[in-house]
Structure formats: C-alpha cells, structure tokens
Amino acid sequence: MDRYEEQLLRGRVYGADHDHPGPRPDRCYAELVGGPLDGLLLDITGRPHDDVGTGVALATELGRFGAGGRAVYDPRPGDPTRFDWAGDTP
C-alpha cells in the first residue's frame, strides 16, 4: 500500500458505508494500530465491557493471506481505545 492509500484509510471506520466512512458521534470506537488496517477505527459500541478484552479477526485482502484472509487485533492492555495488530490468519 502506498502513502496515498494509507492517508485515505486514516480516520475511516472499518466496515463502514463508503458514502459515510467517518466516525459518528453516537458510537464508540477503538483505533486499530499496526498491520494492514492501521489507522482505521473499529466500532465497539454495544460490546459488553468484559468482551472488549477479547481480540477480533477482521476480514481484509490487504494482509499476508490476501483475499479471504483476516488481520487479528487485540485490545491494548490498559487502553481499550486501541487495538494492536497481532498478526494475520487465513
């Protein structure tokens, strides 16, 4: 991914409608840090508090396994507003 593509992704919400990719004021987000989805926001609205401690595997074709692959992100200890990249999985 080139620098221009990286800048386009920043501040966008993972899985959001392309016509309205930005965050909404009535939602809660965590920032994805590192890996293929770096800089995207993940909507964590409505996740039970104890479930925020669990990681997520997000579909992406930008990772190591291409189309059909997933990027794994885990909540940063002590900072539930950031999820750190843990690797890719098929």
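What you see is a predicted model; the values in this text were computed from it and never measured.
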* To do: Evaluate the side-chain contact (heavy atoms from CB on, under 4.5 Å) criterion for residues L40 and L58: first the C-alpha distance (whole Å), next the side-chain angles of each, then the deciding distance (0.1 Å), finally the verdict.
  => CA-CA 11 Å; L40 289 178; L58 304 170; over 6 Å; no
* Asked: Can D74 and D84 be said to form a side-chain contact (heavy atoms from CB on, under 4.5 Å), step by step?
  -> CA-CA 5 Å; D74 293 324; D84 294 312; 5.8 Å; no
* To do: Starting from the C-alpha separation in whole Å, work towards a yes-or-no answer on side-chain contact (heavy atoms from CB on, under 4.5 Å) for D38 and W85.
  => CA-CA 8 Å; D38 184 49; W85 180 60; over 6 Å; no
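Legend: residues meeting salt bridge (Lys or Arg N to Asp or Glu O under 4.0 Å) with D43, ordered by chain and number and at least two apart, are R27. For R82, the side chain to side chain contact (heavy atoms under 4.5 Å, CB included) partners are E31, V33, R76, D79, not counting sequence neighbours. Applying the side chain to side chain contact (heavy atoms under 4.5 Å, CB included) test to A59 and every residue at least two apart in sequence or in another chain returns Y14, R70.
Looking at every heavy atom in both residues, C28 comes nearest to T45 through N-OG1, 2.6 Å. Residue F83 comes nearest to I44 through the heavy atom pair CZ-CG2, 4.4 Å, listed as atom of the first residue, atom of the second, then distance. Heavy-atom minimum distance, P36 versus A71: CG-CB, 3.7 Å.
The main-chain N or O of L37 is found under 3.5 Å from a side-chain atom of Y73 such that the two form a donor-acceptor pair.
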